Amino acid sequence: MTVDAATPHRPRLGVFKFASCDGCQLTLLDCEDELLPLAGEMDIAYFLEASSAPGPGPYDLSLVEGSVTTAEDAERIRRIRAESRTLVTIGACATAGGVQALRNFADVDEFREIVYARPEYIETLATSTPIAAHVPVDFELQGCPIDRGQLLEVITAFLAGRRPDIPRHSVCFACKRRGTPCVTVAHGTPCLGPVTHAGCGALCPAYGRGCYGCFGPSGSPNMPAMIPLLRSDGMSDEDVLRILHTFNVAKFAAIEPEREEP
Amino acid sequence: MGTATTDSACVLDRDGLDALVRVLRARGRTVVGPTQRDGAIVLAELESAAELPYGWGVELEGGHYRVIRRDDEAAFAHSAGPQSWKNFLLPQRVRQWTADRGPDGELTVRPERHDPASYAFLGVRPCDLRAIAIQDRVLTGGRHKDDAYRARRDGAFLIAVECTEPGATCFCVSMGTGPAAGPGYDIAMTEVLDGAGHRFLARAGTAEGADVLAELPHRAADPATRTAAHEAVDAAAGRMGRTMPPVDLRALLAGTLDAERWNDVASRCLTCGNCTMACPTCFCTTTEDVTDLTGDHAERWSRWESCYDLDFSHLSGAGPVRASGRSRYRQWMTHKLGTWHDQFGSSGCVGCGRCIVWCPVAIDITEEAHALHQEALDKDSPS
């Protein structure tokens, strides 16, 4: 929706947290130079990281961080959806289930026993699932954490009533654009760049490291072609399993060629 | 543009190369050439010829690139690296215009003023010289002209260095682009290293090239240097690591659109886009509209795009036209070797081998062409 300068109504922004580390919400606070202009354009109605005075819905734009891991979460996201005109999920937890989705491939009761002194106090679902598994989502912004510039692009696109310019192509595009010689080809470093969603600006390869997929899969990841390449660059089967089973485990697991045993 | 004659040839020593960079910089040019950085021979601004990769070579294979120490001090004994001159002539992101809305609601649109650096490219390989000519045709030779490219190109001074050390992924002979320099250079040089010393046979292709050469310490070309230079380039022609099938590639690609081989290559292709970004002729860009939070300021940029990007063929309401990796790889290769002829009157491939080297999974355009050729033969004469 667009902002009509003649009316005093500023679109209302809500920022909500589910199972997550808060890093993606903090990306919004990290927009230091843009925060005041943003507050000028939007009524920041609900954002507990910024204000302890939450305002009621409805919200014109809701940014949702975190995954659904409890029955209460599953209820709450439905209420937020009902109160939100546009709902955007931000970060690997909200878009892929996060690192906590490792439980999806294991026994959650065993995890609970190992982690908590009094496991009987912990009520949790057997799975960690992305928001889109529960309610319709208007746009998913990937990343662990999300990129500040991409978050601003999503918000400004919302304000201008246009589609956000968030390409789904690989991290390789960013390496080539910034002139980083390919770490796989030039050094034999294993790198998930060819199957990983761009958005970070190819940060790790610029420092000589392989990409570890924190932005999740690109729009067209070819995992059956990628995994033999990781192996030929020196990764063991266990290494491959580990690099894919991190922040975006559920999304990568969904496209892995063969079922991996944990 | 004048043509080179062997009569204008002269010989430069290493101090002549030093002077070349000094003279070009004194003329206000930004000199760009090869230098060793990050374990690769990259193209970067040179402050002096001492930054050239003396003594470094490269070991190339599909999906494999390593710099290696040579047992001589050759400056240009490397073949195509991770970038090409396109990175300078067609930068990856360029602003087109900006627009501002004033307090009265009036919109002011200002086209970008393009004030490009005056480049001198030192060490343009013959394949890349052809690649520049191909991009000239694409970006300025038709109805839709890119004025910013034209300005960058018009200001660029090209010093070709003929190829004497082809890589294992090179096939310029198949594409008719090297290893001897074709037209388009201001100065062409051939590096010679033998018992008589380290020197460069140089000749001018333009009046400005002749002017620059005249300012350098040089001597008349002696027969021994001329012979050594010609022999080195001739020998390079016989040491190509790759070939294309000896057929009309345009007809081959037009006749194999439904080949089984496309499924095979699609199973290996990561659709990561590396080949298109490394290719010195791939020219596709998309537009990027940027607004600020207030909506009072907007900018339009162009940025490199690739036919491997799903969004490349995205149609509103219909999604991507080329949704499969098969259709995207096929689009790239048929355009590069086939329909480029229909569109621009030449092949889009110069045989530099970058797409082979910088493909992480070593997909090889020459191997794919041979396989398509074989499949077509098998189809015509089933055993």
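Remember, predicted model here, so these are calculated numbers, not experimental data. In what follows, chains are A, B, ... by sequence order, proteins preceding strands, each numbered from 1.
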With chain A, which of Gly325(B), Gly63(B), Gly62(B), Gly295(B) has the greatest number of heavy-atom pairs at distances under 4.5 Å? Gly63(B)
Please rank Glu153(A), Lys176(A), Arg177(A) by heavy-atom pairs under 4.5 Å with chain B and give me the top one. Arg177(A)
State whether the number of non-hydrogen atoms from other residues, nucleotides or ligands found under 6.0 Å of Arg209(A) atom CZ is greater than 12. no
Side chain proximity check, Leu310(B) to His169(A), heavy atoms < 4.5 angstrom: no
Val185(A) backbone acceptor or donor facing Arg66(B) side chain under 3.5 Å: yes
From Tyr308(B) OH over to Cys172(A) SG, what is the distance, rounded to the nearest 0.5 angstrom? 12.5 Å
Max heavy-atom pairs within cutoff under 4.5 Å with chain A, candidates Ser306(B), Gly81(B), Ala40(B), goes to Ser306(B)
Counting heavy-atom pairs under 4.5 Å with chain B, which one of Gly179(A), Pro37(A), Cys182(A) comes out on top? Cys182(A)
Top contributor to chain A interface from Val42(B), Asn274(B), Asp311(B) [non-hydrogen pairs under 4.5 Å]: Asn274(B)
How long is the gap from CG on Asp289(B) to OG1 on Thr156(A), to the nearest 0.5 Å? 11.5 Å
Is the backbone of Pro360(B) close enough, under 3.5 Å, to the side chain of Thr184(A) for a donor and an acceptor to pair up by distance? no
Test your reading of the model: is there a side-chain donor-acceptor pair from Asn222(A) to the backbone of Ser267(B), 3.5 Å cut-off? yes
For Leu38(A), is it the side chain, the backbone, both, or neither that has a heavy atom closer than 4.5 Å to a heavy atom of chain B? both
Minimum heavy-atom distance between His187(A) and Gly39(B), given as atom pair plus value: CE1-CA, 3.8 Å
Atom group of Pro224(A) that falls short of 4.5 Å from chain B, counting heavy atoms: neither
Approximate separation, where rounding is to 0.5 Å, of Leu293(B) CG and Ile155(A) CD1: 7.0 Å
Flag side-chain contact, heavy atom, 4.5 Å: Arg163(A) against Ser316(B): no
What option among Gly219(A), Ser220(A), Gly188(A), Ser218(A) has the most heavy-atom pairs under 4.5 Å with chain B? Ser220(A)
Greatest number of heavy atom pairs closer than 4.5 Å to chain B - which of Ala186(A), Gly40(A), Cys191(A): Ala186(A)
